[in-house]
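Down below is the structure, laid out as C-alpha cells.
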There are 2 protein chains.
Amino acid sequence: MKILHHPHRDDIHLSSVLYALSDPIRLGIISVLAQTGEQPCNYFCVPVAKSTLSHHIRTLREAGVVFVRIQGTQHFVTIRRADMDTRFPGLLDAVLGAASDAADFSADPSSPSDGVT
Amino acid sequence: MKILHHPHRDDIHLSSVLYALSDPIRLGIISVLAQTGEQPCNYFCVPVAKSTLSHHIRTLREAGVVFVRIQGTQHFVTIRRADMDTRFPGLLDAVLGAASDAADFSADPSSPSDGVT
DNA sequence: TCAATTGTTCGATAATATTAGAACTATCAA
DNA sequence: TTGATAGTTCTAATATTATCGAACAATTGA
C-alpha cells in the first residue's frame with residue numbers, strides 16, 4: 001500500500017501553513033473539514049479537475065495541515081488539529097472563524113441526502 | 001505628494017492576508033513592526049535589494065496588513081491592528097505568537113554575530 | 001476476469017511571484 | 001545649486017504555482 005508522507009509536528013512551518021491556507025480552494029476544503037470532520041477527497045465539490053484537487057490536498061498534507069488516511073480506494077482527509085493547535089495556538093481557530101470568506105465546497109447539494117447527519 | 005492606495009477595511013480578504021504573511025521576509029517585517037511599532041522602510045535589515053523590500057512592503061500594504069505614511073523622504077509603516085483585529089479576530093495575534101519562526105530583521109547597528117562563540 | 005470507482009502522477013501551458021539593477025522622483029541640508 | 005538620502009518604478013530573468021487532460025495504479029464488486 002502506498003505510504004503518504006506527512007511532516008513531523010516539529011517540521012511544520014508557519015510560512016508553509018499560511019501559504020497552504022492562502023488559496024481560496026484550500027481554505028474552503030479546510031472549512032468543510034472543520035465543520036464535517038473526516039471526509040474522502042470526493043466529498044469536496046470544488047470547481048476544479050480532480051487532478052487539481054489532488055494537488056491541493058497534497059499541498060495541505062505536505063504543509064502539515066491535514067492528515068490523509070488511505071482506506072480502500074478512498075483517501076480520507078482530516079485536519080491535524082492537535083498538531084496545529086500545539087504548534088500554532090489559536091491560528092486555525094482564527095482562520096476558520098474568519099473564513100466566512102471561504103466558498104462552501106461541501107458535498108454536492110444536488111445529490112440526494114447521503115444519510116449523514 | 002504621492003498618494004498610496006490602501007484597501008478599505010471591508011475589502012481586505014483573508015486569502016490575501018494569509019498569502020502576504022506566508023513569505024518569511026514579510027512575516028519577519030510584521031514581526032518587527034509588532035515589537036517596535038511604526039518604522040520607516042530603512043529600519044528593516046532584510047537580506048534583499050531595496051527594490052525587493054519595496055515590493056514586499058507594497059504586497060503587505062495592498063493586502064491591507066500595513067499602513068504606509070509618507071513623511072519627508074521616508075515611508076513609515078505600521079500594522080493595521082484595528083482593521084486586522086476587526087476583520088479577522090485573533091488572527092494576527094496567533095500569527096505573531098507563532099512567528100518565532102520569523103527571522104529577526106530589526107535594525108542592527110551592532111548586532112550580535114550569531115553563532116560566533 | 002472485467003468493469004467501475006477513487007485518486008495519483010505525468011506532461012504541458014499560462015499566470016504569477018520573487019528578485020535584482022538601473023533609472024527616476026522627492027525631500028532635505030548645506 | 002549641489003549632493004545625499006529614501007524609496008519607487010521599470011525591465012528582465014528565473015522560479016513557482018495552478019490548472020487540465022491523459023495515462024496509470026489500486027481496490028472493490030459483479
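Just so we're on the same page: letters track the sequence lines, and every chain starts at 1.
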Hey, are the side chains of A:Gln74 and A:Asn42 touching, using non-hydrogen atoms and a 4.5 Å cut-off?
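They are in contact (side-chain heavy atoms under 4.5 Å apart), so the answer is yes.
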Report yes or no: is there a donor-acceptor pair, N or O only, under 3.5 Å between the side chain of B:Ser51 and the base of C:dA20?
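Checked by distance alone, the answer is yes.
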Is the base of D:dG7 touched by the side chain of B:Thr73 through a donor-acceptor pair closer than 3.5 angstrom?
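Check fails, no donor-acceptor contact within cut-off.
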Rounded to whole angstroms, how far apart are [atom1] on [X] and [atom2] on [N]?
{"X": "A:Arg69", "N": "C:dG7", "atom1": "CZ", "atom2": "P", "value": "12 Å"}
{"X": "A:Lys50", "N": "D:dG21", "atom1": "NZ", "atom2": "P", "value": "11 Å"}
{"X": "B:Glu62", "N": "D:dT8", "atom1": "CD", "atom2": "P", "value": "11 Å"}
{"X": "A:Asp23", "N": "C:dT16", "atom1": "CG", "atom2": "C1'", "value": "13 Å"}
{"X": "A:Leu53", "N": "D:dT17", "atom1": "CG", "atom2": "P", "value": "18 Å"}
{"X": "A:Phe76", "N": "C:dT5", "atom1": "CZ", "atom2": "P", "value": "17 Å"}
{"X": "A:Leu18", "N": "C:dA17", "atom1": "CG", "atom2": "P", "value": "17 Å"}
{"X": "A:His55", "N": "D:dT17", "atom1": "NE2", "atom2": "P", "value": "8 Å"}

Position toward the 5' end of DNA chain C (nearest nucleotide), B:Val48 or A:Ile57:
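Nearest nucleotide further toward 5': that of A:Ile57.
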Please confirm whether the shortest side-chain N or O distance from [X] to OP1 or OP2 of [N] is below 4.0 Å.
{"X": "A:Asn42", "N": "C:dT5", "answer": "no"}
{"X": "A:His56", "N": "D:dT17", "answer": "no"}
{"X": "A:Ser54", "N": "C:dT8", "answer": "yes"}
{"X": "A:Arg58", "N": "C:dG7", "answer": "no"}
{"X": "B:Tyr19", "N": "C:dT18", "answer": "yes"}

Under a 4.5 Å side-chain heavy-atom rule over Ile, Leu, Val, Met, Phe, Trp and Tyr, are A:Leu92 and A:Phe67 clustered together?
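Per the 4.5 Å side-chain linkage, A:Leu92 and A:Phe67 are not co-clustered.
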Ignoring hydrogens and geometry, is there a side-chain-to-backbone donor-acceptor pair from A:Thr59 to A:His55 under 3.5 Å?
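At least one qualifying donor-acceptor pair exists.
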B:Arg87 side chain to B:Ile12 main-chain N or O, any donor-acceptor pair under 3.5 Å?
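Confirmed, B:Arg87 side chain pairs with B:Ile12 backbone.
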More 5' along DNA chain D: A:Gly72 or B:His75, using each one's nearest nucleotide?
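Closest to the 5' end, via its nearest nucleotide, is B:His75.
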Would you call B:Arg81 and B:Asp85 a salt bridge, using N to O less than 4.0 angstrom?
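A salt bridge links B:Arg81 with B:Asp85.
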